[in-house]
Amino acid sequence: MINYWRQYLFVFVSLAMVGCMEEDPNSVPPSQTYVKYFGSTATEQMVDMVQTVDNEFLMLGYTNNKEAGDFDFYIIKTDSAGNGIWQQTYGYNHGNTFRSASQDVPKSVRLINNDQNLLAIGTSDVSDTLSILMFNIDVASGEVVDSLRYQYYDNRTGTNITDRGYVSTLGADVLYNESSNEYIILGSVETWSNNIYTSDPQSILLMAIDAGADWQDPNLSPSWMDIGGLRLEDTGIKLMETDGDYFLLSTVTIPFGSNLGYGNEDVLLAEFNPSSGAYINSTLYGTTENDIAANFISYGNSLMVVGTTGDDQNEKAFYLKVPKALPESDSEGFAIDVAGNESLGLNASGTQGKDLIRLPNGNIYIAGQLNAYTSPSGEFKENEIVIFRTDGFGNLDTDNFRIYGSEDNDQANAILLQGDGSLVIGATIDFGSTSMMSLMKTNVRGEFK
């Protein structure tokens with residue numbers, strides 16, 4: 001059974017231009033479903049979301065609601081009922097009015113210090129100069145405690161360029177290592193190779209910054225750094241610490257000569273040493289098509305990955321389960337093919353997987369985007385929010401396949417499981433002239449009713 005959610009969305013359009021920042025915090029009991037919107041008449045895009053021990057939500061996105069037209073980090077804090085507590089924008093002030101505006105786009109958020117602080121990390125682009133941008137934010141007030149801008153200086157020998165200077169550096173994720181009082185940062189950095197099949201490659205950057213250091217010191221150096229991957233076009237995605245073990249998730253591009261096929265994108269999982277960044281073990285998951293990772297979680301002795309596989313004509317959300325030991329043998333990977341599933345009763349193209357949660361019974365909820373479909377009534381729609389459930393073997397539960405959205409480009413970017421079995425979803429809703437960030441809570445069946 002497919003559940004469509006369209007009339008419900010239009011009920012809330014009148015709230016869209018002002019968000020929900022002035023509502024009574026007690027207006028919606030936490031046990032009820034809700035749909036909330038946050039933003040302005042500019043462009044807002046949802047990126048990531050976390051939940052505090054007090055059941056408050058912190059949504060990370062970006063906005064271009066500035067006269068200069070630049071992008072900034074945009075963070076919203078709500079109570080458990082989705083009512084706004086504060087909202088703030090954060091950006092890099094390069095202090096030079098003769099340079100173009102900075103495009104500051106976030107990638108992830110982390111709660112630290114018993115949920116009293118929030119780390120938000122991403123990339124700042126000033127005149128095509130990319131650097132890692134990170135903020136330490138007080139959760140109670142939204143005020144910045146500290147900020148970091150970092151760019152890698154490449155002066156390695158052994159290449160045909162001996163002194164390249166500062167190079168493009170992207171931020172992806174951050175963890176706090178309490179034992180060493182360091183922030184472990186994952187990103188990507190422009191590198192160089194003499195391989196004739198590469199021209200402007202990118203590698204995975206993993207490094208640690210002393211949490212007690214002066215982040216504004218121009219001579220600040222990482223405690224340690226590791227540059228790895230397959231040394232082609234590699235992108236750091238997410239970090240994880242579980243039971244004292246540290247893992248990273250990346251998307252890598254297969255180099256020439258591999259039996260996986262030159263130029264394909266695939267998933268790299270690696271366990272690393274938090275004191276040096278050196279890989280302890282790693283495994284590569286790949287098909288003959290592109291496999292692009294989005295997020296991963298831990299449960300028991302397994303790591304579970306979600307992402308998108310396939311080509312532009314037929315993308316498929318995928319779910320991957322591997323042991324934490326990261327064996328070299330093939331892993332369990334399942335592409336979720338909605339286009340070929342006749343039992344859904346709709347003519348669909350492809351899906352993209354963006355986030356996942358595991359239910360206590362072993363089933364998996366995946367949140368993302370349905371690229372296009374035609375309903376049984378003949379209505380054609382593109383780029384809708386999709387939430388679907390599979391079992392541990394990747395079999396699609398067609399009774400729990402749900403499509404939500406507006407008239408334009410919508411996408412679920414984050415999903416959280418609540419104690420009562422309900423879901424809280426962070427999404428981007430596009431109304432045509434503007435897009436907004438949305439927080440949605442379902443009932444225990446994943447429905448908004």
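In this chain, numbering begins with 1 at the start of the sequence shown.
- Contact annotation: the side chain of V167 never approaches that of Y153 to less than 4.5 Å [non-hydrogen atoms, C-beta and beyond].
- Counting only heavy atoms from C-beta outward, the side chains of T251 and E265 approach each other to under 4.5 Å.
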Note to self: side chain to side chain donor-acceptor pair (under 3.5 Å), that's the test. Do N371 and E315 meet it? Break it down for me.
What the structure shows: CA-CA 8 Å; N371 294 348; E315 291 181 316; 3.0 Å; yes
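- Annotation: side-chain hydrogen bond (donor to acceptor under 3.5 Å, both in side chains) contacts of Y176 (sequence neighbours excluded): N181.
- Around NZ of K316, the count of heavy atoms belonging to other residues, nucleotides or ligands within 6.0 Å exceeds 12.
- Neither side chain, D391 nor N363, offers a donor N or O lying under 3.5 Å from an acceptor on the other.
- Taken to the nearest 0.5 Å, the OH atom of Y90 stands 4.5 Å off from the CD atom of Q88.
- Ring-centre distance between Y62 and F73: not below the 6.0 Å cut-off.
- Of all heavy-atom pairs spanning D266 and E289, the tightest one is OD1-O, 4.0 Å.
- Q202 and E190 are not linked by any side-chain donor-acceptor pair at a separation below 3.5 angstrom, with hydrogens and angles left out of the test.
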Note to self: side chain to side chain donor-acceptor pair (under 3.5 Å), that's the test. Do S223 and E182 meet it? Break it down for me.
What the structure shows: CA-CA 8 Å; S223 305; E182 292 176 327; 3.0 Å; yes
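- Residues S435 and T43 approach most closely at OG-CG2, 3.3 Å, considering heavy atoms.
- Contact check for I429 versus I385: side-chain heavy atoms found under the 4.5 Å cut-off.
- Each of T308, N409, N413 was checked for a side chain to side chain donor-acceptor pair (under 3.5 Å) with Q369, and the lone residue meeting it is N409.
- In summary, the side chains of S422 and N443 do not present any donor paired with an acceptor at a separation below 3.5 Å, with no hydrogens or angles considered.
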Notebook entry, point to check: Could you go step by step and tell me if L248 and F272 meet the side chain to side chain contact (heavy atoms under 4.5 Å, CB included) rule?
Noted result: CA-CA 8 Å; L248 65 83; F272 65 91; 4.0 Å; yes
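- The two residues A172 and G236 have their closest heavy-atom pair at CB-O, 3.2 Å.
- The environment of E178 atom CD is sparse: at most 12 non-hydrogen atoms of other residues, nucleotides or ligands sit within 6.0 angstrom.
- A427 approaches A412 most closely through the heavy-atom pair CB-CA, 4.0 Å.
- Under the salt bridge (charged side-chain N to carboxylate O under 4.0 Å, His left out) criterion, R389 pairs with D397, sequence neighbours left out.
- Contact of the L58 side chain with the L111 side chain is registered, since non-hydrogen atoms from C-beta on lie closer than 4.5 Å.
- Shown here for M59 and S438, the closest heavy-atom pair between the two residues is SD-O, 4.2 Å.
- Scanning all heavy atoms of the two residues, the minimum distance from I415 to Y365 falls at CD1-CB, 4.1 Å.
- Just one residue in the list N177, V174, I209 forms a side chain to side chain contact (heavy atoms under 4.5 Å, CB included) with I184, and that residue is N177.
- Counting only N and O atoms by type, the side chains of N83 and T78 include no donor and acceptor under 3.5 Å apart.
- Taking the six-membered ring for Trp and the full ring otherwise, W215 and F135 have centroids separated by 6.0 Å or more.
- Residue N301 places its CG atom among 12 or fewer non-hydrogen atoms of other residues, nucleotides or ligands, all under 6.0 Å distant.
- Look at K238 and D355 and you find no salt bridge, because none of the NZ, NE, NH1 or NH2 atoms lies under 4.0 Å from a carboxylate O.
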Notebook entry, point to check: For S108 and D173, what are the C-alpha separation, side-chain angles and deciding distance, and is it a side chain to side chain donor-acceptor pair (under 3.5 Å)?
Noted result: CA-CA 6 Å; S108 66; D173 201 4; 2.8 Å; yes
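- Inspection of the Q411 and Q45 side chains reveals no N or O donor paired with an N or O acceptor under 3.5 Å.
- A salt bridge does not link K324 with E271: none of the charged nitrogens is closer than 4.0 Å to a carboxylate oxygen.
- Checked against the 6.0 Å centroid criterion, the rings of Y319 and F296 do not qualify as a close aromatic pair.
- Taking the centre of each ring, Y285 and F318 come in below the 6.0 Å mark.
- Between L416 and L423, the closest side-chain pair of non-hydrogen atoms is not below 4.5 Å.
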